[in-house]
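Hydrogens, waters and symmetry mates play no part in the numbers below; they use all other heavy atoms, side chains included. Note that the numbering runs from 1 along the sequence shown for the chain.
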Amino acid sequence: MTELVKGPKGRRRGRGARERILSASQQLFREQGINRTGMDLLCAAAQVSKRTAYQHFAGKDELVAEYLRQFDPSVLSGVFDRTDLTPRERLLAVFDIPPTTPLCPYIAAAVELHDPEHPASQYARDYKKAVAARLAAAAREAGAAAPEQLGEQLALLIDGAAARTRVLNADAFPTAAAIAAVLIDNAIPAAAGDDRPSADRAAAGHEHGRGAQRPLLPLGHDAGVPAGELGVELLR
């Protein structure tokens, strides 16, 4: 006989059903999208009845929001909680993302749902703000004069690189890391910590994270152009 336990709202339910539903949602929503995945398919994949599913989640909207909450509840703790990196290195380490990584689920959900008031859209918005806040905190620790501004700039680069990598099927993160290095150099005095050139720091971060150094300047870059001018040209 299936063992029953009390759920969050005091209802009786089969042990493990909620976890199976969430596991199925993570697979199906990523593989075929939120809108194309109905509750019937989800329940079949999770091996639960629709009645059981609706005992755990009031509806699909609530399930989609909970699906997003499962991905990164601590907001990039694998980067920002590292004690072996300086604050500047942490700011660059967020760009060390494998090109095979699927499109950011928060971006994908917001694009699919077309509803800024949807619970999942609201959570995606809160998550993106939290990422910018963590970037700003690291920038502040590194000595940036305007840490919130730098945090927003780097957050924009991360999301843009993620989308461009997916659309072009080509890794956009090395170029994003190069632009980030320029922004960081312009925002943080070299004396405020690690005074290595940003390109060297970023290259070291990529080499440490992937086992091979990746190019950090766009193809066609003239080595004689100062880094600050390069940043202006790249950001125009």
task = Not counting sequence neighbours, list each pair that qualifies as a side-chain hydrogen bond (donor to acceptor under 3.5 Å, both in side chains) and has a residue in residues 21-33.
result = Gln32-Thr37
key: Listed once per pair and sorted, the side-chain hydrogen bond (donor to acceptor under 3.5 Å, both in side chains) pairs that draw on residues 63-74, sequence neighbours left out   = Glu66-Arg69, Glu66-Gln70, Asp72-Tyr127, Ser74-Ser77
For the residue pair [X] and [Y], establish whether any side-chain heavy-atom pair is separated by less than 4.5 Å.
{"X": "Leu85", "Y": "Arg82", "result": "yes"}
{"X": "Asn186", "Y": "Leu150", "result": "no"}
{"X": "Phe95", "Y": "Leu157", "result": "yes"}
{"X": "Ile188", "Y": "Leu91", "result": "yes"}
{"X": "Arg90", "Y": "Glu141", "result": "yes"}

Linking I/L/V/M/F/W/Y whenever any side-chain heavy atoms sit under 4.5 Å apart, do [X] and [Y] land together?
{"X": "Val131", "Y": "Val111", "answer": "no"}
{"X": "Phe57", "Y": "Phe71", "answer": "yes"}
{"X": "Leu41", "Y": "Val64", "answer": "yes"}
{"X": "Ile107", "Y": "Leu154", "answer": "no"}

Rounded to the nearest 0.5 Å, how far apart are [atom1] of [X] and [atom2] of [Y]?
{"X": "Ile158", "Y": "Ile97", "atom1": "CD1", "atom2": "CD1", "value": "6.5 Å"}
{"X": "Gln153", "Y": "Ile184", "atom1": "CD", "atom2": "CD1", "value": "10.0 Å"}
{"X": "His56", "Y": "Arg20", "atom1": "NE2", "atom2": "CZ", "value": "8.0 Å"}
{"X": "Gln149", "Y": "Leu183", "atom1": "CD", "atom2": "CG", "value": "9.0 Å"}

ask   = Is there a donor-acceptor pair under 3.5 Å between the side chain of Thr165 and the backbone N or O of Ala172?
value = yes
task = Show your reasoning for whether side chain to side chain contact (heavy atoms under 4.5 Å, CB included) applies to Leu63 and Met39.
result = CA-CA 10 Å; Leu63 173 58; Met39 290 300 292; 4.2 Å; yes
message = Atom CG of residue position Asn169 - does it have more than 12 heavy atoms of other residues, nucleotides or ligands inside 6.0 Å?
response = no
Which heavy atom of [X] sits nearest a heavy atom of [Y], and at what distance?
{"X": "Ile21", "Y": "Ala53", "value": "CD1-CA, 3.8 Å"}
{"X": "Leu103", "Y": "Ala162", "value": "CD1-O, 4.0 Å"}
{"X": "Ala161", "Y": "Ala176", "value": "CB-CB, 3.7 Å"}
{"X": "Ile34", "Y": "Phe29", "value": "CA-CD2, 3.8 Å"}
{"X": "Phe80", "Y": "Val75", "value": "CD1-O, 4.1 Å"}
{"X": "Ala177", "Y": "Leu92", "value": "O-CD2, 4.0 Å"}

Considering residues at least two apart in sequence or located in another chain, which fulfil the salt bridge (Lys or Arg N to Asp or Glu O under 4.0 Å) criterion with [X]?
{"X": "Glu152", "answer": "none"}
{"X": "Asp81", "answer": "Arg134"}
{"X": "Lys60", "answer": "none"}
{"X": "Arg166", "answer": "none"}

Partner set under side chain to side chain donor-acceptor pair (under 3.5 Å) for [X], not counting sequence neighbours:
{"X": "Glu148", "result": "Arg140"}
{"X": "Asp40", "result": "Lys50"}
{"X": "Thr101", "result": "none"}
{"X": "Asp61", "result": "His118"}

message = Strictly by salt bridge (charged side-chain N to carboxylate O under 4.0 Å, His left out), give each pair with a member in residues 109-118 just once, sequence neighbours left out.
response = none
request  = Tell me, please, which residues at least two apart from Ala124 pass side-chain contact (heavy atoms from CB on, under 4.5 Å).
outcome  = Leu68, Tyr106
inquiry  = Does Leu156 form a side chain to side chain contact (heavy atoms under 4.5 Å, CB included) with Lys128? I'd like the steps, not just the answer.
reply    = CA-CA 10 Å; Leu156 178 61; Lys128 291 300 183 181; over 6 Å; no
